[in-house]
Structures are given as C-alpha cells and as structure tokens.
Asker: 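What follows is a single structure, and I will ask about it in a moment.
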Amino acid sequence: MYKNDFFKEINQIEVKSGPYVSKYPVFYREVSYLSVFLLAPLNKLRDILPSQRMYPFRLTPWYSMFTITATEYKESDVGPYNQVSIGIPFVLDKQSPIFTGIFHKIPEIPLIYTLHLPVTTEQSRITGIEMANYPEFLADINFSKDKDRIICKADSEGKNILSLSCRDIPIKPFPRQRVFTVTHKNDRLLRSEFNFSDTKVGVSKKQSDVKLEFGDHPIGQKIKNLYSGKVLQYQYYPSGQAILSSPAESYSILKE
C-alpha cells in the first residue's frame, strides 16, 4: 500500500482549535501502539460510566474489561505526539450476553468510552477537547526498547500514572480496524469513529508478554483499583495509519 492510499479521496476541512488550525477528519500518517485488554469487576465499571444507557461487556456475570492503549503518533495533522488512552468497551441501551468474548462475539465495531487520555502536546490536547471533549491532559509519555520488550512510561505532575512493558511479538497481516470512541459533554454522549489501516499486527494472550505497574498518580491509583490482575489480550501494532472523525452521533445521557 502506498503511503497516501489510505487517505485518498477523503476531503478535509480546516477548523480553528484555540490558537491552532486543525483539519477534520484528522489524518495520522504514521502510528504505532501497544494495546492491552484487562479484566475488571463489572460493578466497578458500571459505577464509572456516565450514563445508565451504557453497559460494559459481560465476560462473566461478575467481570468485564477495560483497555489501555499506548500510542506514538509519529506524523499527523496535529503534529507528532504520544498518548495513553484508558477506555471501557460497552453496549448502548442493552446488556451484552453473559460470556461475551467467550461464547458470544464482541461487536464488530466496539463502542469504547474514553475515561482518561493523557497526551504530550498542547496542540493535541486542545484539538481533542475542541473536537469531542476528549478528557485530555498533559503528561510525559516516553517509549523505549529493552531487549525484546517495548516499554511505555506515563507521568504527570511529577507522579507516575503507569508503566507498561510488552514483548515484541511476531506480527502477521491484519485487516482494517474500526472503533467508535465515545466521550460526554454536558448532557450528551458523543460518538466519533477511529479507523486504522490494514497492516501487520501481533496478538497474544500470554500473561508473560505483558507487565503492567501503576504509580502514585491519582489516575494510576484509580485504574489500579479496577484491575483484577489478568490480561485478556495484548495487541501490538508496530506501524500503520489512522483517521479520526469528528462526532457523528449524539445521545442523551440517562443518569437515573
């Protein structure tokens, strides 16, 4: 695939975000990420979600999952930056079947509520907030390599949020992926779309391929309280492209 084939015939518009001029949809021309899916108590995730319309996946009657994705956006319309996304997959307006992901397939295009989103540049922070009220804040997010492992360390205000160490696993051809990211603003849920190009991806369920530690930052402690100690899956996306749309749907928030 030629470098720009993924973006061909997609029109963009310029939008002012604070002091920055951004383009929507946002093109990410070079992306790599580490993504882990983690077991968590169902009731704790339900308590975090901002709407009674949102139901976390029921892996069992008692457990669900959340995700942590550490990303390097090496070339994009909002410049190069790093990011750590913490999200909760969910189903809108109905419960998923018990044993979703085991006996029942997860939705082909999952809805993922963005809980926290530390980023490394002011331009990406302002653009994300202006676009869809993404919960972005500035942080130091650094990637490094140690033998056969890729390491991401995220800190903010002098405190560690988390450290994620993942094995450099074999990769194979992988199709395009789509995710619906969901944020909330005032009394509305906003749904945007994130598309990732077909590329080569590594997937593993081996616990030893992932090491995850949480620091003393309040968000790190909050996430630590969710984590049940089991990695459900690890996905390594070493190089690809992505497109992020502005919100395409809006839903009312039902709190009671």
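For the single chain, residues carry numbers from 1 onward in sequence order.
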Asker: Where do Arg58 and Leu42 land on the side chain to side chain contact (heavy atoms under 4.5 Å, CB included) test, with the steps shown first?
Answerer: CA-CA 7 Å; Arg58 294 192 296 172; Leu42 183 62; 4.0 Å; yes
Asker: Picking from Pro110, Ser192, Ser245, what satisfies side chain to side chain contact (heavy atoms under 4.5 Å, CB included) with Thr181?
Answerer: Ser192
Asker: Verify side chain to side chain contact (heavy atoms under 4.5 Å, CB included) between Asn160 and Lys153, making sure each step is shown before the conclusion.
Answerer: CA-CA 8 Å; Asn160 178 245; Lys153 188 171 180 287; 3.8 Å; yes
Asker: What residues, two or more places apart in sequence or in another chain, satisfy ring pair (Phe, Tyr, Trp, His ring centres under 6.0 Å) together with Tyr73?
Answerer: Tyr28, Tyr81
Asker: Other residues, nucleotides and ligands only: do more than 12 of their heavy atoms fall within 6.0 Å of CZ on Phe196?
Answerer: yes
Asker: Looking only at the side chains, is there a donor atom on one of Gln241 and Glu75 sitting less than 3.5 Å from an acceptor on the other?
Answerer: no
Asker: Same cluster for Leu111 and Tyr113 if Ile/Leu/Val/Met/Phe/Trp/Tyr side chains link at under 4.5 Å?
Answerer: yes
Asker: May I ask you to decide whether Lys8 forms a salt bridge with Asp5, counting only side-chain N to carboxylate O separations under 4.0 Å?
Answerer: yes
Asker: Any chance NZ of Lys74 has more than 12 other-residue heavy atoms, nucleotides or ligands included, within less than 6.0 Å?
Answerer: yes
Asker: Looking at Asp168 and Lys145, does any basic side-chain N land under 4.0 Å from a carboxylate oxygen?
Answerer: yes
Asker: Verify the distance criterion only: is there a donor paired with an acceptor across the side chains of Ser250 and Arg188 at less than 3.5 Å?
Answerer: yes
Asker: Compute whether any side-chain donor of one residue and acceptor of the other, for Ser252 and Arg53, lie under 3.5 angstrom apart.
Answerer: yes
Asker: Go through Phe7 and Phe27 one step at a time and tell me if the ring pair (Phe, Tyr, Trp, His ring centres under 6.0 Å) criterion holds.
Answerer: CA-CA 8 Å; Phe7 309 105; Phe27 289 176; 4.5 Å; yes
Asker: For Ile219 and Phe214: C-alpha separation, side-chain torsions, deciding distance, then whether side chain to side chain contact (heavy atoms under 4.5 Å, CB included) applies.
Answerer: CA-CA 9 Å; Ile219 289 176; Phe214 299 102; over 6 Å; no
Asker: Does a donor on one side chain and an acceptor on the other come within less than 3.5 Å for Ser124 and Thr127?
Answerer: no
Asker: Evaluate the criterion side chain to side chain contact (heavy atoms under 4.5 Å, CB included) for residue pair Thr71 and Asn82; output intermediate values, then yes/no.
Answerer: CA-CA 6 Å; Thr71 307; Asn82 296 339; over 6 Å; no
Asker: Using a 6.0 Å cut-off, check whether atom NZ of Lys172 has over 12 heavy atoms from anything other than its own residue.
Answerer: no
Asker: Quick test of your reading of the model: are Asp77 and Arg29 salt-bridged, counting only N-O distances below 4.0 Å?
Answerer: yes
Asker: Examine the side chains of Ser204 and Asp209 and answer whether a donor and an acceptor come within less than 3.5 Å of each other.
Answerer: yes
Asker: Give a yes or no on whether Gln207 atom CD has more than 12 heavy-atom contacts from other residues, nucleotides or ligands under 6.0 Å away.
Answerer: yes
Asker: Answer yes when Glu136 and Arg125 have at least one side-chain N-carboxylate O distance shorter than 4.0 Å, and no when they do not.
Answerer: no
Asker: Could you tell me whether the side chains of Ser165 and Arg149 share a donor-acceptor contact shorter than 3.5 Å?
Answerer: yes
Asker: Does Arg46 make a cation-pi contact with Tyr55 (under 6.0 Å, within 45 degrees of the axis)?
Answerer: yes
Asker: Does a salt bridge link Asp216 with Lys159, judged by any charged N lying under 4.0 Å from a carboxylate O?
Answerer: no
Asker: Side chains of Ser239 and Ser32: donor-acceptor distance under 3.5 Å anywhere?
Answerer: no
Asker: A quick test of your reading: do over 12 heavy atoms of other residues, nucleotides or ligands sit less than 6.0 Å from CD of Gln12?
Answerer: yes
Asker: Given 3.5 Å as the limit, does a donor-acceptor pair link the side chain of Ser197 with the main chain of Gly240, or not?
Answerer: no
Asker: Are Tyr33 and Tyr237 an aromatic pair, judged by ring center distance below 6.0 Å?
Answerer: yes
Asker: Is a donor on one side and an acceptor on the other found under 3.5 Å between the side chain of Asn195 and the backbone of Ala242?
Answerer: no
